[in-house]
Undergrad: 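Questions regarding the structure given below will be posed in turn.
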Amino acid sequence: MDGNGRWAKKRHLPRAVGHQRGVEAVRSVSRAARAMGLEALTLYAFSTENWSRPEDEVSALMGLLKHFIQSDLAEFVRDNVRLRILGEWRALAPDLVALIEDALEQTAANTGPALVVALNYGAQDEIARAATKAAAKGAVTIGSIEAELDTAGLPPLDLLIRTSGEVRLSNFLLWQAAYAEMIFTDVLWPDFSPAHLHDALAEFAERERRYGGR
Ligand code: IPE
Ligand code: MG
């Protein structure tokens, strides 16, 4: 989800407003994803590298996250949404950790579409942690690493979308992206709508996936 800052700058608004509008896009796109029957939607909300941003921006992002969980948890419970968090979220502020633990607990029995939030997440860190755990248990294989990744138990990654015109992965789901289709769009995240998601899925459906075969 990239482009919140540029969205705000174009309108001469504070960056925080861009992030607020970004949360609204999260809400509408994740609802649309469920309505379209997607099994899982993963959102890159905060990376291990985002800590290098100014303190006021980091705290604005954390505040928005807190508010998002507080305001939308009842909907996740009601709509059978399986909430999952990727990354080192237990290292976040204690109040946020407690809030996340409660949200996970309240949705633990849900069996529906997964809403996955990558929080304090970096793919290299995820792979290193998974490999360490796999090694402690025995042979390090593709399968044994995969079983320890934060995404264990989630469906394979089919489509990865990056907004705002940047053409790189920025440490997101590096392992899982091995055979994912990718779409890079110039649309800034706050402008990304259910219609954009629909178009991306239509483009995905046209792709021929060969997984190294022919
Ligand atoms: C992405 O928007 C938001 C997060 C990091 C959560 P940016 O803040 O990176 O927006 P740009 O790249 O400055 O436009
Ligand atoms: Mg950015």
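Each ligand, and each atom within it, is numbered from 1 in the order the structure gives. None of the values given here were measured: they were computed from a predicted structure.
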Undergrad: Going by heavy atoms, is K9 under 4.0 Å from ligand 1?
TA: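 In this structure, K9 fails to qualify as a contact of ligand 1 - no heavy atom is under 4.0 Å.
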Undergrad: Between F46 and W51, does the ring centroid distance fall short of 6.0 Å?
TA: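 They qualify: ring centres under 6.0 Å apart.
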Undergrad: May I ask you to identify, for N50, whether its side chain, its backbone, both or neither come under 4.0 Å of ligand 1 on a heavy-atom basis?
TA: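 Within the 4.0 Å criterion, N50 contacts ligand 1 through side-chain atoms alone.
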Undergrad: State, to 0.1 Å, how close T163 and L188 come at their nearest heavy-atom pair, and which atoms those are.
TA: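 That closest heavy-atom pairing would be CB-C, 4.5 Å.
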Undergrad: First locate atom CD1 of I161, then atom CZ of F184, and finally report the distance between them rounded to the nearest 0.5 Å.
TA: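 The distance works out to 10.5 Å.
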Undergrad: Between R6, E166, K10, E57, which one has a non-hydrogen atom sitting closest to atom 12 (O) of ligand 1?
TA: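 Among R6, E166, K10, E57, the closest heavy atom to atom 12 (O) of ligand 1 belongs to R6.
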Undergrad: Output the list of atoms in ligand 1 that are nearer than 4.0 Å to some heavy atom of H19, sorted by atom number.
TA: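 Contacts of ligand 1 toward H19, numbered from 1: 3 (C), 8 (O).
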Undergrad: Below 4.0 Å, non-hydrogen atoms only: which portion of R53 touches ligand 1? Side chain, backbone, both or neither.
TA: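 The answer is the side chain of R53.
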Undergrad: At the 4.0 Å heavy-atom cut-off, does G22 count as touching ligand 1?
TA: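 It does not; every heavy atom stays at 4.0 Å or beyond.
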Undergrad: According to salt bridge (Lys or Arg N to Asp or Glu O under 4.0 Å), does anything in residues 167-184 pair up with another residue at least two apart or in another chain? List the pairs.
TA: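 Every salt bridge (Lys or Arg N to Asp or Glu O under 4.0 Å) pair that includes a residue of residues 167-184, provided the two are not neighbours, is E166-R168, E181-R207, E181-R209.
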Undergrad: Locate the shortest heavy-atom distance separating A200 from I183; write the atom from each residue and the value.
TA: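 Reported closest heavy-atom pair: O-CD1, 3.4 Å.
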Undergrad: Should you measure from each heavy atom of D2, which atoms of ligand 1 turn up under 4.0 Å away?
TA: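 Listed by number with element, the hits are 1 (C), 2 (O), 7 (P), 9 (O), 10 (O), 11 (P), 12 (O).
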Undergrad: At what distance, to the nearest 0.5 angstrom, does CD of Q176 lie from CD of E146?
TA: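 The CD atom of Q176 sits 7.5 Å away from the CD atom of E146.
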Undergrad: Between CG of L83 and CD1 of I69, what distance do you get to the nearest 0.5 Å?
TA: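 Answer rounded to 0.5 Å: 7.0 Å.
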Undergrad: Once side-chain contact (heavy atoms from CB on, under 4.5 Å) is applied, do any residues pair with V23, and if so which ones, sequence neighbours excluded?
TA: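 side-chain contact (heavy atoms from CB on, under 4.5 Å) list for V23, sorted by chain: R27, L64, F68.
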Undergrad: Check for me whether S164 has a heavy atom closer than 4.0 Å to any atom of ligand 1.
TA: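 No heavy atom of S164 comes that close to ligand 1.
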Undergrad: Starting from atom 6 (C) of ligand 1, which protein heavy atom do you reach first, and at what distance in Å?
TA: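 Residue, atom and distance for the closest contact: A45 O, 3.0 Å.
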Undergrad: Nearest protein heavy atom to atom 1 (C) of ligand 1, by residue and atom, and its distance?
TA: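 The answer is M1 O, 3.0 Å.
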Undergrad: Should F192 and L169 be counted in the same cluster of Ile, Leu, Val, Met, Phe, Trp and Tyr side chains packed under 4.5 Å apart?
TA: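 As far as the 4.5 Å side-chain criterion goes, L169 and F192 are not connected within one cluster.
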Undergrad: Please write down residue, atom name and distance for the protein heavy atom closest to atom 3 (C) of ligand 1.
TA: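 Heavy-atom neighbour on the protein nearest atom 3 (C) of ligand 1: N4 ND2, 3.4 Å.
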Undergrad: Does any N or O of ligand 1 fall below 3.5 Å from an N or O anywhere on Y44, backbone included?
TA: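 No.
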Undergrad: State the atom name: nearest N, O or S atom of D2 to the Mg ion (ligand 2).
TA: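 Considering only N, O and S atoms, D2 comes nearest to the Mg ion (ligand 2) through OD1.
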Undergrad: Check each atom of ligand 1 against the heavy atoms of G5 and keep those under 4.0 Å away; list them by number with element.
TA: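 Heavy-atom distances to G5 below 4.0 Å select 7 (P), 8 (O), 10 (O), 11 (P), 13 (O), 14 (O).
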Undergrad: Of all the heavy atoms in R15, does at least one lie under 4.0 Å from an atom in ligand 1?
TA: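 R15 counts as a contact of ligand 1 under the 4.0 Å cut-off.
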Undergrad: Strictly below 4.0 Å, N to O, side chains only: are R21 and E24 in salt-bridge contact?
TA: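 Result for this pair is yes, salt bridge flagged.
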